Protein chains: 2
Amino acid sequence: MSERKDVQPSGVPVPCLTCDARSGGVCGTLDAEQLASLAKASSKKRLESGAELIGDAQTVEAYSNILSGVVKLTKGLPDGREQIVGLQFAPDFLGRPFQDESAITAHAATNVVLCSFPKRTLEMLIKQSPRLEHFLLNQTLRELDEARDWMLTLGRKNALEKVASYLLLIARYIDPAVDPDSQSIAFDLPMSRLEIADFLGLTIETVSRQLTKLRIDGVIAVSQNRHIVVANPERLRMRSGC
Amino acid sequence: MSERKDVQPSGVPVPCLTCDARSGGVCGTLDAEQLASLAKASSKKRLESGAELIGDAQTVEAYSNILSGVVKLTKGLPDGREQIVGLQFAPDFLGRPFQDESAITAHAATNVVLCSFPKRTLEMLIKQSPRLEHFLLNQTLRELDEARDWMLTLGRKNALEKVASYLLLIARYIDPAVDPDSQSIAFDLPMSRLEIADFLGLTIETVSRQLTKLRIDGVIAVSQNRHIVVANPERLRMRSGC
DNA sequence: CCGGAATCTTGATTTCGATCAAACTGCCGG
DNA sequence: CCGGCAGTTTGATCGAAATCAAGATTCCGG
């Protein structure tokens with residue numbers, strides 16, 4: 001789904017004018033001229049939940065900004081066991097710079113809107129723009145911090161603590177200031193029970209049982225499977241092991 | 001342990017002339033002048049196995065190059081459970097740029113030699129040198145790839161597969177071309193059983209039992225606890241789950 | 001609004017790794 | 001060379017999560 005790439009008097013391409021990724025994403029680091037050249041080569045894509053964005057060991061020829069939705073990154077074992085190794089939200093940059101083959105798989109966990117551009121175009125811009133590279137370094141460092149936090153959860157927490165940690169993770173994405181104020185918070189899970197299990201290194205059944213336990217203990221309320229209300233986030237945090 | 005910072009005719013500081021980190025590490029990205037200013041502020045440090053390099057939630061005022069030895073990065077839960085979230089080898093750069101408080105702890109896993117320099121000095125150089133920032137982005141991307149590989153191991157492999165994967169990881173560090181050629185390989189483990197357990201999300205006893213199993217099956221030979229001989233790396237790889 | 005498929009929950013049982021407990025080994029100082 | 005101790009191995013038992021097996025909901029298309 002391609003869009004017109006007209007350039008406004010200010011020099012900012014028209015489709016970028018109202019784009020959220022321009023403030024928080026890579027595009028925010030570019031000057032008008034660079035943004036124009038990127039916009040010329042870019043296109044907006046809408047993907048249904050479940051669609052594959054990047055295949056394992058597949059040559060990647062595009063990078064993207066996530067404009068909305070949740071993308072899950074997974075790795076698998078030859079016998080079919082799967083582990084989700086990262087979640088990305090808008091306005092994250094999606095793709096592994098400086099490497100032709102992807103070692104991971106990316107899927108849309110919800111409906112997703114992307115702004116995609118060719119690998120080559122971005123790599124040219126990286127060479128010209130230290131600010132862009134600085135932005136990428138910062139996002140990568142943040143992802144590394146998150147991955148290491150999650151390693152602690154995977155390696156050392158029990159099933160209940162894992163599920164509580166997952167709910168907190170999602171709650172904090174919805175509202176970053178979630179536990180200090182201890183307000184009640186409600187949200188829809190962006191993932192199925194199977195996906196949650198693959199994220200936590202558990203089985204579907206164990207995830208379900210821990211959710212039931214939290215429900216019985218009055219820590220959360222669940223309706224229609226995906227909708228969660230956390231009455232008291234502090235009680236949830238206490239059960240998360242940290 | 002400070003050294004003389006004399007500058008050679010070529011412009012390269014004397015102590016850097018013979019330093020391995022100058023080819024593979026951050027210093028390789030600097031010109032003679034930048035290297036001189038970094039060398040002026042740097043000092044070589046020797047640390048005993050077990051020494052703490054960076055404390056959790058402690059203000060970090062130094063970055064380092066690892067000149068030799070193995071550094072382990074750990075995260076802990078309030079109740080004392082621990083998880084190793086990364087291993088770093090020479091000539092890795094050690095430290096979390098652009099953040100004052102460390103969220104992780106770093107310890108010397110073996111005797112370690114570092115070349116340390118003040119945070120400020122390096123951050124100044126980063127601003128001047130896109131090549132340096134590019135190097136850091138590349139190392140960070142590599143660490144992120146490793147962390148995600150390890151998440152799959154932590155979340156989805158059983159105890160035997162985890163121990164086999166760990167042995168392969170160390171063997172590959174000793175000799176990167178380890179399984180294609182399937183030559184026998186021998187090495188000393190840089191970590192105790194407790195550290196291996198904390199790396200794998202297991203207990204000491206389970207690690208020991210899996211090593212015994214691999215020994216009985218003839219996949220490895222163990223002498224004096226730390227010395228390992230892998231007769232046939234391919235058989236080890238087959239037990240690693242991938 | 002109905003029926004069927006997909007997803008989720010609950011229950012029974014098994015299994016793997018944790019825990020508890022005791023012996024063994026290698027290392028170091030005296 | 002001996003004794004002590006930290007680190008490791010081995011054994012017995014327990015428990016948490018996986019697996020196997022039905023049911024119950026939710027979702028959707030007709």
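Computed from a predicted structure; not experimentally measured. Order of the sequence lines fixes the chain letters, A, B, ..., with proteins taken first and strands second; residue numbering starts at 1 for each chain. Computed from heavy atoms alone, side chains included, the values below leave out hydrogens, waters and symmetry copies.
For Arg209(A) and dA17(D), the shortest distance from a side-chain N or O to OP1 or OP2 is not below 4.0 Å. Taking side-chain N and O atoms only, Arg193(A) has no distance below 4.0 Å to OP1 or OP2 of dT10(C).
For Glu161(A), the salt bridge (Lys or Arg N to Asp or Glu O under 4.0 Å) partners at least two apart in sequence or on another chain are Arg81(B). Every residue meeting the side chain to side chain donor-acceptor pair (under 3.5 Å) condition with Asp198(A), not counting sequence neighbours, appears here in chain and number order: Arg156(B). Residues that satisfy the side chain to side chain donor-acceptor pair (under 3.5 Å) test with Asn158(A), not counting sequence neighbours, are absent from this structure. Applying the side-chain contact (heavy atoms from CB on, under 4.5 Å) criterion to Pro97(A), with sequence neighbours excluded, gives Tyr63(A), Phe93(A), Leu136(A), Leu141(B). Lys157(A) meets the salt bridge (Lys or Arg N to Asp or Glu O under 4.0 Å) test with no other residue; sequence neighbours excluded.
Along DNA chain C, the nucleotide closest to Arg156(A) and the one closest to Arg215(A) are compared, and the more 5′ of them pairs with Arg215(A).
Atom P of nucleotide dT19(C) and atom CG of Leu194(B) are separated by 13 Å, given to the nearest angstrom. Separating the CD1 atom of Ile228(B) from the C1' atom of dT8(D) is a distance of 13 Å, rounded to the nearest angstrom. Atom NE2 of His227(B) is separated from atom P of dG26(C) by 14 Å (rounded to the nearest Å). Atom pair Lys162(B):NZ and dA18(C):P shows a separation of 7 Å (rounding to whole Å applied). Between Ile204(B) atom CD1 and dT19(C) atom P there is a gap of 11 Å when expressed in whole angstrom units. With rounding to whole Å, Ile196(B) atom CD1 is found 8 Å from dT8(D) atom P. With rounding to whole Å, Leu211(A) atom CG is found 6 Å from dT9(C) atom P. Atoms CG (Leu200(B)) and P (dA18(C)) sit 10 Å apart, rounded to a whole Å.
With contacts defined as side-chain heavy-atom distances shorter than 4.5 Å, the pair Arg237(B)/Leu168(B) qualifies. Annotation: side chain of Leu189(B) is in contact with side chain of Tyr166(B) (closest heavy-atom distance under 4.5 Å). Within the 4.5 Å cutoff, the side chain of Leu77(A) has heavy atoms near those of the Leu152(B) side chain. Residues Phe199(A) and Leu87(A) form a side-chain contact, since some pair of their non-hydrogen atoms from C-beta on lies under 4.5 Å apart. Annotation: side chain of Gln210(B) is not in contact with side chain of Ile196(B) (no heavy-atom distance under 4.5 Å). Side-chain contact check for Ile66(B) versus Pro91(B): every heavy-atom pair is 4.5 Å or farther apart. Residues Leu114(A) and Leu47(A) have side chains in contact (heavy-atom distance under 4.5 Å, counting atoms from C-beta outward).
Among the atoms of the strands shown, only primed sugar atoms or phosphate atoms (P, OP1, OP2) are found under 4.0 Å from some heavy atom of Ser192(B). Residue contacts for Thr212(A): at a heavy-atom cut-off of 4.0 Å it reaches the sugar-phosphate backbone alone, with no base atom in range.
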With 3.5 Å as the limit, what N/O pairs link the protein to nucleotides 22-30 of chain D?
none

Give every pair of a protein N or O atom and an N or O atom of nucleotides 14-17 of chain C that lie under 3.5 Å apart, one pair per line with the distance.
from	atom 1	to	atom 2	distance (Å)
dG17(C)	OP1	Ala159(B)	N	2.6

Between the protein and nucleotides 2-6 of chain C, which nitrogen or oxygen pairs come in under 3.5 angstrom?
none

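Within the structure, no pair that satisfies the salt bridge (charged side-chain N to carboxylate O under 4.0 Å, His left out) test touches residues 106-117 of chain A, not counting sequence neighbours. Contacts classified as salt bridge (charged side-chain N to carboxylate O under 4.0 Å, His left out) and involving residues 208-222 of chain B (residues at least two apart or in different chains) are given here: Asp217(B)-Arg239(B).
The distance from atom CD1 of Ile174(A) to atom CZ of Arg172(A), rounded to the nearest 0.5 Å, is 13.0 Å.
For the residue pair Ile84(A) and Glu195(A), the shortest heavy atom distance occurs at CD1-O, 3.3 Å.
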>> Before you tell me yes or no, could you show the steps for Glu143(A) and Arg148(A) under salt bridge (charged side-chain N to carboxylate O under 4.0 Å, His left out), namely the whole-Å CA-CA distance, both residues' side-chain angles and the distance that decides it to 0.1 Å?
In response: CA-CA 9 Å; Glu143(A) 285 181 62; Arg148(A) 286 177 169 163; over 6 Å; no
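For the segment residues 235-242 of chain B, no residue has any heavy atom less than 4.0 angstrom from an atom of DNA chain D. Contacts of residues 74-87 of chain A with DNA chain D (heavy atom under 4.0 Å): none.
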